[in-house]
Number of protein chains: 2
Amino acid sequence: MKTSHPPSDRTRVRRGAGNAVYEPALVRAIVDAAYLCHIAFSDAHGAHCIPTACWREGDYLYIHGSNGSRMLKQLMAQDACVTITHLDGLVLARSAFNHTMNYRSVMIYGRFEMVDEAEQRRSLDAFMEHLAPGRNAEVRGGNAKEHAATTVLRIALAEAACKVRSGGPLDDEEDMGIAAWVGELPFTHQRGAPVTDPACAVEAPAYVQQWASKG
Amino acid sequence: MKTSHPPSDRTRVRRGAGNAVYEPALVRAIVDAAYLCHIAFSDAHGAHCIPTACWREGDYLYIHGSNGSRMLKQLMAQDACVTITHLDGLVLARSAFNHTMNYRSVMIYGRFEMVDEAEQRRSLDAFMEHLAPGRNAEVRGGNAKEHAATTVLRIALAEAACKVRSGGPLDDEEDMGIAAWVGELPFTHQRGAPVTDPACAVEAPAYVQQWASKG
């Protein structure tokens, strides 16, 4: 585990600073638990917050899209903020204002860079491997035309800050006598039973059969 | 159900326009399924993407925070973009580039406005009612000091666009002979068993007992 790195002007957490963590291993864990991120950037119309699929390799977060995407063009020309949030539960306290939520979030600041063609092919294969291990060998890979129409960008995880809250409520001493149920109402990120396409007669491979039990 | 409203310059979907819906009932349904949103805005440090709890009443999305929050101050001084995304599944196709995800997302553009003190009290009670019906009567409500330190903002759902994808893969005709399993690997948004705080001896009310079965 790497040592913590100091927060920048952009990543220093002001609100709920007690929940802030500047720890590369935690950044990676929160990214790895996600299939998509939200990206903030600006253009002549103002600020935009766009959800997009993402994956991690090393200390970079990757995204991809069509060459014509206005977001991808903007992201190469300005710094952006990438945020991933996992909501883990509602926390019910004895006073209304001490109610809160349990969550794990990461905010990543920096400039996206385009990867070259060889790296694009390699990283898209890695993305597939992340989604469905072994599937690259089963499907038709991208052809020259598909790769030429696609852009892969990556952003370093260097300037990043996590916020994490877990556990039960923190009530004020004078409220401890209030006779309300207190605790956490958790969310669990389950996987449902695979839905085989009606046109498909192929037996489900291991990564499909094991999907619903991956938790 | 209201009729669709036309997209603005900001909400007209360019990428995957076939998945775009400008339908107020769908905007409300996607917001109601969420406990948090991501908000994009800018300041002297550039663009930020901040997750925060949200709830809906009528055709407004509400958020709250401390008076001192730099985000809340910025949101009253500039237009913002609020995005909610529910990831419903991975879609596995016969070619790598036809893999996609099923999701429901909404992007809302506009200016947040602060609500007055009476509306703040009413809307925070409504937020609690949304989280845990009946709980307002069981806990200590906010006192004058807590309310005075808190700001509630709302943004109209008027300028909003949804994107929704569901169903199985759409493969190209020439790939239909590829012998790969195809279909959807769903995510289900489950609720876990309530975790009673160790210091709590109060029996769980109905909204806690029914939590895990709410689905």
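Labels below follow one simple rule: chain letters A, B, ... track the order of the sequence lines, proteins then strands, and each chain is numbered from 1.
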(message) If you count heavy-atom pairs within less than 4.5 Å of chain A, which of Glu203(B), Gln78(B), Glu138(B), Arg70(B) leads?
(response) Arg70(B)
(request) For Tyr62(B) and Gln120(B), test the side chains for any donor-to-acceptor distance below 3.5 angstrom and give the result as yes or no. (result) no
(message) Looking only at heavy atoms and a cut-off of under 4.5 Å, which of Ser105(B), Ser69(B), Ala80(B) has the most pairs with chain A?
(response) Ser69(B)
(message) Heavy-atom pairs under 4.5 Å with chain B: which of Pro186(A), Gly183(A), Ala47(A), Cys81(A) has the most?
(response) Pro186(A)
(message) Could you tell me if the side chain of Met76(A) sits less than 4.5 Å from the side chain of Glu113(A), heavy atoms only?
(response) no
(request) Quick one: which of Ile84(A), Thr83(A), Thr150(A) has the most heavy-atom pairs under 4.5 Å with chain B, could you say? (result) Thr83(A)
(message) Could you check whether any side-chain heavy atom of Val139(B) comes within less than 4.5 Å of a side-chain heavy atom of Met128(B), counting everything from C-beta outward?
(response) yes
(request) May I ask you to decide whether Glu174(A) forms a salt bridge with Arg140(B), counting only side-chain N to carboxylate O separations under 4.0 Å? (result) no
(request) Check whether any side-chain N or O of Asn136(B) sits under 3.5 Å from a backbone N or O of Gly141(B) as a donor-acceptor pair, and report yes or no. (result) no
(message) At a 4.5 Å cut-off on heavy atoms, which part of Ala93(B) comes close to chain A: side chain, backbone, both, or neither?
(response) backbone
(message) If I take atom SG from residue Cys162(A) and atom CZ from residue Arg104(A), how far apart are they, to the nearest 0.5 angstrom?
(response) 10.5 Å
(message) At a heavy-atom distance under 4.5 Å, which candidate from Phe187(B), Phe127(B), Tyr109(B) has the highest pair count against chain A?
(response) Phe187(B)
(message) Under 4.5 Å from any heavy atom of chain A, what part of Pro169(B) do you find: side chain, backbone, both or neither?
(response) both
(request) Could you check which of Asp79(B), Leu90(B), Ile50(B) has the highest count of heavy-atom pairs closer than 4.5 Å to chain A? (result) Leu90(B)
(message) So Arg165(A) and Thr100(A), do their side chains get closer than 4.5 Å, heavy atoms only?
(response) yes
(request) For chain B, find which of Pro198(A), Ala199(A), Pro51(A), Ala132(A) contributes the most heavy-atom pairs closer than 4.5 angstrom. (result) Pro51(A)
(request) Taking the side chain as every heavy atom from C-beta outward, state whether Glu117(A) and His147(A) have any atom pair closer than 4.5 Å. (result) no
(request) Quick one: which of His99(A), Arg10(A), Met101(A) has the most heavy-atom pairs under 4.5 Å with chain B, could you say? (result) His99(A)
(request) Quick one: which of Asp9(A), Leu36(A), Val208(A) has the most heavy-atom pairs under 4.5 Å with chain B, could you say? (result) Val208(A)
(message) Tell me if the aromatic rings of Trp181(B) and Tyr207(A) count as close, with their centers under 6.0 Å from one another.
(response) no
(message) Let's test your reading of the structure: which of Pro205(B), Gly46(B), Gly168(B), Ala204(B) forms the most heavy-atom pairs below 4.5 Å with chain A?
(response) Ala204(B)
(request) Among Asp171(A), Thr196(A), Asp43(A), single out the residue with the greatest number of heavy-atom pairs under 4.5 Å to chain B. (result) Thr196(A)
(message) Quick check for you: among Asp197(B), Leu185(B), Thr85(B), which has the greatest number of heavy-atom pairs under 4.5 Å with chain A?
(response) Leu185(B)
